[in-house]
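The basis for the numbers below is simple: all heavy atoms, side chains too, and nothing from hydrogens, waters or symmetry mates.
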Amino acid sequence: MTTWSARLAELGIELPAVVAPLAAYVPATRTGNLVYTAGQLPIADGELLATGKVGAEVTPERANELARVCGLNALAAVHSLVGIDAVVKVVKVVGFVSSAPGFAGQPGVVNGASELFGEVFGDAGAHARSAVGVSELPRNAPVEVEIIVEVA
């Protein structure tokens, strides 16, 4: 059986460093066989990759790419706590999209993260999900993603 770390290598995906918390919380926490991540912003190399509202300053296509970055950051948080190979299943994904008035494409944006989990975990990446439009996110980020995974 291929490990998840081997699958990431096959895909040419390297997990980033864990994003430092912006306030009083931890990137991920475990209870029983579940790991919950904090909301992850599209941060790479310490920099927020975009700001603004989806449907105005940020295109839905770009926001989809940013949601993928959020997903990678969530996986990095899981990996830092239990190791990526401990993941049994992605259980739940919650995506928040800072939405311009009238923008209703939140599911397509959050697909950026959902599709990443499918690529990496196959059937174990199939998950329940919420894609929510919000008026503001921390640091004026366009998207934020949190996940719950089952671990061994």
Side-chain angles (χ1 to χ4, degrees), residues 1-54 58 62-99 106-152:
M1 179 176 155
T2 302
T3 63
W4 302 131
S5 52
R7 178 67 181 145
L8 287 167
E10 284 174 20
L11 294 169
I13 297 172
E14 189 173 322
L15 291 178
V18 177
V19 175
L22 302 175
Y25 60 89
V26 294
T29 189
R30 179 178 182 168
T31 183
N33 64 342
L34 297 175
V35 171
Y36 292 73
T37 70
Q40 300 293 314
L41 301 179
I43 293 174
D45 299 320
E47 298 294 323
L48 185 61
L49 298 178
T51 59
K53 301 215 179 293
V54 181
V58 180
R62 178 67 175 139
N64 175 282
E65 295 166 357
L66 295 168
R68 182 181 177 93
V69 173
C70 295
L72 284 170
N73 288 339
L75 291 180
V78 170
H79 180 64
S80 73
L81 187 66
V82 297
I84 198 70
D85 292 326
V87 173
V88 173
K89 177 163 184 48
V90 179
V91 176
K92 174 82 182 215
V93 173
V94 180
F96 302 96
V97 180
S98 181
S99 301
Q106 293 83 7
V109 169
V110 181
N111 276 349
S114 292
E115 290 166 359
L116 168 70
F117 303 138
E119 290 172 34
V120 174
F121 299 111
D123 290 343
H127 53 269
R129 187 179 86 178
S130 299
V132 182
V134 298
S135 62
E136 298 290 335
L137 286 170
R139 297 181 59 190
N140 197 28
V143 63
E144 180 176 356
V145 172
E146 64 182 54
I147 65 175
I148 303 168
V149 296
E150 179 185 357
V151 296

Intermediate values then yes/no, side chain to side chain contact (heavy atoms under 4.5 Å, CB included), Thr29 and Val35: CA-CA 6 Å; Thr29 189; Val35 171; over 6 Å; no
Taking every non-hydrogen atom, the tightest pair across Leu15 and Ala76: CD2-N, 4.3 Å
Side-chain H-bond candidate by donor/acceptor type, Glu136 with Ser98, under 3.5 Å: no
Minimal non-hydrogen separation, Val151 against Val88, with atom names: C-CG2, 3.6 Å
Heavy-atom closest pair, residues Thr51 and Val58: O-CG2, 3.3 Å
Test side chain to side chain contact (heavy atoms under 4.5 Å, CB included) applied to Arg30 and Tyr36, step by step: CA-CA 6 Å; Arg30 179 178 182 168; Tyr36 292 73; over 6 Å; no
Straight-line distance of Leu8 CG to Leu116 CG, nearest 0.5 Å: 8.0 Å
Heavy-atom closest contact (Leu41 atom, Ala141 atom, distance): CD2-CB, 3.8 Å
Heavy-atom side-chain proximity of Leu75 to Ile84 below 4.5 angstrom: yes
Donor-acceptor under 3.5 Å (Asp85 side chain, Trp4 main chain): yes
Presence of salt bridge, Arg62 and Glu65, under 4.0 angstrom: yes
Rounded distance (nearest 0.5 Å) linking atom CG of Leu137 with atom CG of Leu48: 10.0 Å
Pairwise side-chain contact, Val145 with Val93, heavy-atom cut-off 4.5 Å (strictly under): yes
Arg139/Leu22 under side chain to side chain contact (heavy atoms under 4.5 Å, CB included): CA gap, chis, key distance, verdict: CA-CA 10 Å; Arg139 297 181 59 190; Leu22 302 175; 3.7 Å; yes
Ser114 side, atom OG; His127 side, atom NE2 - distance, nearest 0.5 Å: 3.0 Å
Nearest-0.5 Å distance, CZ of residue Phe117 to CD1 of residue Ile147: 4.5 Å
Euclidean distance, Thr37 OG1 relative to Lys92 NZ, rounded to 0.5 Å: 12.5 Å
Any donor-acceptor N or O pair under 3.5 Å, side chains Asn111, Arg129: yes
Ion pair Glu119/Arg68, N-O distance below 4.0 Å: yes
Ser99 side chain vs Val97 backbone, donor-acceptor pair below 3.5 Å: yes
NZ-CG distance between Lys89 and Asp123, expressed to the nearest 0.5 angstrom: 8.0 Å
Heavy-atom closest pair, residues Gln40 and Cys70: O-SG, 3.1 Å
Side-chain heavy atoms of Leu34 within contact of Val149, under 4.5 Å: no
Polar side-chain atom of His79 near backbone of Ala77 as donor-acceptor pair, under 3.5 Å: no
Contact summary for Val110 and Ala67, nearest pair of heavy atoms: CA-CB, 4.3 Å
Side chain to side chain contact (heavy atoms under 4.5 Å, CB included), paired with Val78, selected from Val87, Asn73, Ile148: Val87
Sequence neighbours excluded - salt bridge (charged side-chain N to carboxylate O under 4.0 Å, His left out) pairs with any residue from residues 8-21: Arg7-Glu10
